[in-house]
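The residues of the chain are indexed from 1 along the displayed sequence.
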Amino acid sequence: VPLFCNKLAKYIQQAKSGQKIPDQILGLLIGAIQTCINKLDADVLQFANGIMHVLIPVFEIPNATTQEESFMAIGALANAIEQKFLSYMNAFAPHLIRALTNHEESQVFIVATGALGDVCRALEGGQLPSAFCDLIVKLLLENLNNKNLDRNCKAPILSVFGDIALSVEGRFQKYIQFVMDTLH
C-alpha cells in the first residue's frame with residue numbers, strides 16, 4: 001500500500017505541475033490501492049491516513065476516470081474501516097458534494113452516489129453528521145426533480161435514500177415527507 005500511495009502521490013504532483021501523465025497510469029494505481037483495500041479489509045486501517053492523503057488530491061485533477069476510481073477506492077475504504085471513516089468526512093465531503101452537483105459528468109455522479117451509499121453503510125448507527133446529511137438529502141431531492149439530469153443518475157439516488165435512512169436511523173423522519181412527495 002505505501003508503495004502504490006507513494007507512486008500515486010508522485011504522479012499527482014507531476015500532473016499538478018503541468019506534466020502530462022497518462023490517465024491510465026493514475027487509474028491503474030488507484031485501482032491497485034482499491035484492490036489492496038479489498039484484500040486487507042479491516043487491516044487496512046493502519047494505512048487509511050496515507051490512502052486518504054493521496055486519494056483526496058485526485059479530485060483536483062480534471063479527469064473523470066481518475067475521479068471515478070478515487071470514489072470507488074474511498075467507498076471500499078469506508079466499507080473496510082466502517083465507523084472509523086468518520087474522521088475523514090471533513091476532507092471527503094466537499095468533493096462528494098461537488099460530484100453530486102456536477103450533472104455534466106454523469107458517470108462520476110453515479111460513482112459518487114455509490115460512494116455515498118458506502119459511506120452511509122459504514123457510518124450506520126446515527127454517526128453521519130446532521131449538517132452533511134441535510135445538505136446531501138437536499139441535493140439528492142433537487143437532482144431527482146432536475147429534468148436535465150441524465151435518467152441513469154436517478155436510479156442510484158433512489159437507492160441511496162435507503163442507505164441514508166439506515167445510517168441516520170430516527171433522524172430520517174424529518175426527511176421522509178419530502179422524499180415521499182418527490183417519489184410520488
Side-chain angles (χ1 to χ4, degrees), residues 30 33-34 37-38 41-42 44-45 48-49 51-53 55-56 58-60 64-184:
I30 297 168
I33 292 169
Q34 181 182 354
I37 293 167
N38 290 335
D41 200 34
V44 78
L45 182 61
N49 286 338
I51 291 170
M52 287 301 288
H53 182 74
L55 290 178
I56 292 295
V58 170
F59 298 117
E60 297 168 17
T65 303
T66 55
Q67 289 182 13
E68 289 172 37
E69 292 286 342
S70 192
F71 276 120
M72 289 188 289
I74 289 173
L77 182 64
N79 282 329
I81 65 173
E82 296 176 335
Q83 307 286 334
K84 293 173 181 73
F85 189 80
L86 184 62
S87 63
Y88 302 111
M89 282 302 296
N90 286 337
F92 178 57
H95 304 289
L96 180 62
I97 290 165
R98 186 175 53 233
L100 294 175
T101 57
N102 182 2
H103 304 128
E104 293 78 38
E105 294 288 345
S106 60
Q107 196 56 39
V108 173
F109 180 95
I110 291 167
V111 173
T113 304
L116 172 60
D118 293 335
V119 168
C120 288
R121 287 186 297 279
L123 298 178
E124 282 186 1
Q127 290 195 15
L128 202 61
S130 291
F132 171 77
C133 198
D134 291 346
L135 178 58
I136 290 295
V137 170
K138 178 181 176 274
L139 282 173
L140 294 174
L141 290 171
E142 287 173 0
N143 285 329
L144 279 177
N145 288 318
N146 183 344
K147 304 272 189 248
N148 297 323
L149 184 66
D150 183 340
R151 289 179 53 123
N152 294 322
C153 295
K154 294 189 177 189
I157 293 173
L158 298 175
S159 175
V160 84
F161 279 129
D163 295 323
I164 293 169
L166 289 172
S167 179
V168 299
E169 298 174 339
R171 291 188 344 228
F172 195 77
Q173 188 65 34
K174 70 180 181 177
Y175 310 120
I176 195 76
Q177 190 61 50
F178 301 110
V179 171
M180 295 308 290
D181 288 345
T182 302
L183 294 177
H184 185 265

Q | Side-chain heavy-atom pair Leu166, Phe172 within 4.5 angstrom cut-off | A | no
Q. Is there a side-chain contact between Leu140 and Phe161, using heavy atoms and a 4.5 Å cut-off?
A. yes
Q. Where do Ile56 and Ala91 come nearest, in terms of heavy atoms and distance?
A. CD1-O, 3.8 Å
**Q.** CD1-CG distance between Ile33 and Asn38, expressed to the nearest 0.5 angstrom
**A.** 12.0 Å
Q. Can you check side-chain contact (heavy atoms from CB on, under 4.5 Å) on Cys120 and Leu128, steps first, answer last?
A. CA-CA 7 Å; Cys120 288; Leu128 202 61; 3.8 Å; yes
Q) Is a donor on one side and an acceptor on the other found under 3.5 Å between the side chain of Asn143 and the backbone of Leu100? A) yes
Q: Indicate whether any N or O donor in one side chain lies under 3.5 Å from an N or O acceptor in the other, for Glu68 and Gln107.
A: no
Q.
Would you say that Leu55 contacts Glu69 through its side chain, given a criterion of any heavy-atom pair below 4.5 Å between the two side chains?
A. no
Q) Side chains of Leu123 and Met89: closer than 4.5 Å at any heavy-atom pair? A) yes
Q. Within the side chain of Lys154, is there an N or O that forms a donor-acceptor pair under 3.5 Å with the backbone of Asn146?
A. yes
Q: Measure the shortest side-chain to side-chain distance between Met180 and Tyr175 over non-hydrogen atoms and say whether it is less than 4.5 angstrom.
A: no
Q. Phe71 and Phe59: aromatic ring centres closer than 6.0 Å?
A. yes
**Q.** Short side-chain to backbone donor-acceptor contact, Arg121 and Asn79, under 3.5 Å
**A.** no
(Q) Restricting to non-hydrogen atoms, name the atom on His95 and the atom on Arg98 that form the minimum distance, rounded to 0.1 Å. (A) ND1-NH2, 2.9 Å
Q: Could you pull out the closest heavy-atom pair between Thr113 and Val160, with the gap in Å?
A: O-CG2, 3.8 Å
Q.
Looking at Lys138, I want to see if its NZ is surrounded by more than 12 non-hydrogen atoms of other residues, nucleotides or ligands under 6.0 Å.
A. no
Q | Heavy-atom side-chain proximity of Asn102 to Phe109 below 4.5 angstrom | A | no
Q. Are side-chain heavy atoms of Val168 and Glu124 found at a separation under 4.5 Å?
A. no
Q) Are the side chains of Pro129 and Leu86 in touch, meaning some heavy atoms are under 4.5 Å apart? A) yes
**Q.** Within 6.0 angstrom of His103 NE2, more than 12 heavy atoms from elsewhere
**A.** yes
**Q.** Side-chain (Ser70) to main-chain (Thr66) donor-acceptor, under 3.5 angstrom
**A.** no
